[in-house]
Chemist: 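Here it is, the structure, as structure tokens.
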Amino acid sequence: MADNGKSQQTVIKKYANRRLYHTGTSTYVTLEDLSTMVQNGEDFLVYDARSGDDITRSVLTQIIFEQENKAGEDNLLPVAFLRQLIRFYGDSMRTMVPSFLEFSMANFARDQDGLREKMNQSFAPKVFQSAMEEQVRANMSFFGDAMKMFTTFGTGPLSGMKTSASAPTPSHPATPVPAPDSDLDELKRQMAEMRNRLEDLAKK
């Protein structure tokens with residue numbers, strides 16, 4: 001089934017002359033055309049015509065770059081956000097950023113009708129800003145709970161921080177250390193629980 005889904009995606013080929021070729025319509029398209037396709041919900045993949053490499057990410061980033069270069073209300077990315085995003089490159093928390101951004105954008109897209117209605121009902125920018133801040137806080141709270149689940153794993157990388165050299169030695173005999181397989185099974189179980197929780201919250 002997954003293969004069928006991929007086969008339905010539009011394929012765009014980028015040639016050495018930087019021209020983009022739409023294989024579905026057998027026509028050349030522009031970045032503006034691809035931007036319109038995204039806004040219309042049409043999924044596509046972009047491949048380098050010579051090497052065959054998937055360059056979808058770089059092309060989408062280029063579309064954003066072109067949009068952000070336009071003056072006026074078309075700008076979406078605040079300077080502070082861009083600076084913070086750059087700081088995350090190379091940071092130890094970098095791997096968590098894509099999941100958080102994807103989750104936040106998915107929630108915002110899901111709730112945009114309600115947010116738009118609040119904006120239309122009131123001309124006061126502060127009212128709409130409060131609704132936005134409430135949405136961000138909800139996302140941060142959920143993501144924080146997800147992160148706490150990682151730190152509570154008995155076999156996780158932070159588990160060693162729970163004990164110290166100054167901890168008192170128990171008077172009773174030490175209990176047998178669980179086998180590695182048991183720890184791995186427990187880790188898998190907790191990961192499955194977190195994945196199910198993510199899916200449940202995304203459906204709300």
Side-chain angles (χ1 to χ4, degrees), residues 1-116 132 135-136 139-140 142-143 146-147 150 188 191-192 194-204:
M1 296 296 292
D3 291 338
N4 292 336
K6 290 182 178 180
S7 64
Q8 294 175 359
Q9 290 180 317
T10 300
V11 174
I12 308 294
K13 291 185 178 180
K14 186 175 183 179
Y15 288 90
N17 58 6
R18 305 182 70 176
R19 299 190 70 183
L20 299 163
Y21 184 75
H22 191 307
T23 60
T25 59
S26 300
T27 58
Y28 286 99
V29 293
T30 64
L31 287 177
E32 191 69 27
D33 293 328
L34 296 185
S35 177
T36 301
M37 290 171 63
V38 173
Q39 293 171 357
N40 292 337
E42 184 175 353
D43 199 6
F44 60 81
L45 295 173
V46 185
Y47 293 98
D48 186 286
R50 182 179 59 82
S51 65
D53 294 338
D54 186 341
I55 57 173
T56 307
R57 182 191 300 271
S58 64
V59 171
L60 292 175
T61 304
Q62 188 176 358
I63 292 175
I64 294 175
F65 176 78
E66 294 290 339
Q67 293 291 334
E68 287 297 311
N69 273 341
K70 295 180 179 179
E73 298 180 354
D74 286 334
N75 299 122
L76 294 179
L77 304 178
V79 173
F81 170 80
L82 293 172
R83 287 175 176 164
Q84 185 60 64
L85 192 62
I86 291 172
R87 293 189 186 106
F88 274 117
Y89 283 99
D91 189 273
S92 60
M93 293 296 294
R94 184 187 65 82
T95 56
M96 302 302 299
V97 174
S99 297
F100 174 73
L101 292 179
E102 185 175 4
F103 175 81
S104 298
M105 288 301 294
N107 272 334
F108 181 77
R110 184 193 63 192
D111 299 333
Q112 62 179 324
D113 291 337
L115 291 172
R116 186 179 292 110
M132 288 292 297
Q135 179 67 32
V136 171
N139 290 344
M140 289 296 294
F142 166 77
F143 207 73
M147 286 297 297
F150 280 105
K188 289 180 178 179
M191 289 290 288
M194 187 176 71
R195 184 172 59 252
N196 291 336
R197 185 181 176 191
L198 285 168
E199 293 174 352
D200 291 340
L201 287 174
K203 292 176 182 178
K204 291 182 180 180

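Just so it is clear, the values below take in all heavy atoms, side chains as well, and ignore hydrogens, waters and symmetry mates. None of the values given here were measured: they were computed from a predicted structure.
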Chemist: Return the set of residues passing side chain to side chain contact (heavy atoms under 4.5 Å, CB included) with Arg57 (not counting sequence neighbours), or none when no residue passes.
Modeler: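 Listed in chain order: Thr61.
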Chemist: Nearest 0.5 Å, please: how far is NZ in Lys14 from CG in Leu20?
Modeler: 6.0 Å
Chemist: What is the distance from atom CG of Asn75 to atom NZ of Lys70, rounded to the nearest 0.5 Å?
Modeler: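 Here the interatomic distance stands at 10.0 Å.
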Chemist: State, with a plain yes or no, whether a side-chain heavy atom of Thr56 is found less than 4.5 Å away from one of Ile12.
Modeler: no
Chemist: Nearest 0.5 Å, please: how far is CZ in Phe65 from CG in Leu31?
Modeler: 11.0 Å
Chemist: Indicate every side-chain donor-acceptor pair of residues 41-51 with a distance under 3.5 Å to a residue at least two apart or in another chain.
Modeler:
from  : atom 1 : to    : atom 2 : distance (Å)
Glu42 : OE2    : Thr10 : OG1    : 3.1
Asp43 : OD2    : Gln9  : NE2    : 2.5
Asp48 : OD1    : Arg50 : N      : 2.9
Asp48 : OD1    : Ser51 : N      : 2.9
Asp48 : OD1    : Ser51 : OG     : 3.4
Ser51 : OG     : Asp53 : N      : 3.3
Ser51 : OG     : Asp53 : OD2    : 3.1

Chemist: Looking at residues at least two apart in the chain, or sitting in another chain, which of them share a ring pair (Phe, Tyr, Trp, His ring centres under 6.0 Å) with Tyr28?
Modeler: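 By the ring pair (Phe, Tyr, Trp, His ring centres under 6.0 Å) rule, Tyr28 matches Tyr21.
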Chemist: Atom CG in Leu85, atom CZ in Arg83: separation rounded to 0.5 Å?
Modeler: 13.0 Å
Chemist: State which residues pass side chain to side chain donor-acceptor pair (under 3.5 Å) with Thr30; sequence neighbours excluded, sorted by chain then number.
Modeler: Asp33
Chemist: Is the shortest heavy-atom distance from the side chain of Lys13 to the side chain of Arg19 under 4.5 Å?
Modeler: no
Chemist: So how far is it from Ile63 CD1 to Leu34 CG, rounded to the nearest 0.5 Å?
Modeler: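 Taking CD1 in Ile63 and CG in Leu34, the distance rounds to 5.0 Å.
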Chemist: Where the side chain of Ser99 meets the backbone of Thr95, is there a donor-acceptor pair that is under 3.5 Å apart?
Modeler: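 It does not hold such a pair.
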Chemist: Considering residues at least two apart in sequence or located in another chain, which fulfil the side chain to side chain contact (heavy atoms under 4.5 Å, CB included) criterion with Tyr89?
Modeler: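 Once residues adjacent in sequence are excluded, Tyr89 has no partner under the side chain to side chain contact (heavy atoms under 4.5 Å, CB included) criterion.
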Chemist: Could you tell me whether the side chain of Ile64 reaches within less than 4.5 Å of the side chain of Leu77, counting heavy atoms only?
Modeler: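 Heavy-atom side-chain distance check passes, below 4.5 Å.
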Chemist: Partners of Thr27 by side chain to side chain donor-acceptor pair (under 3.5 Å), sequence neighbours excluded?
Modeler: Thr25
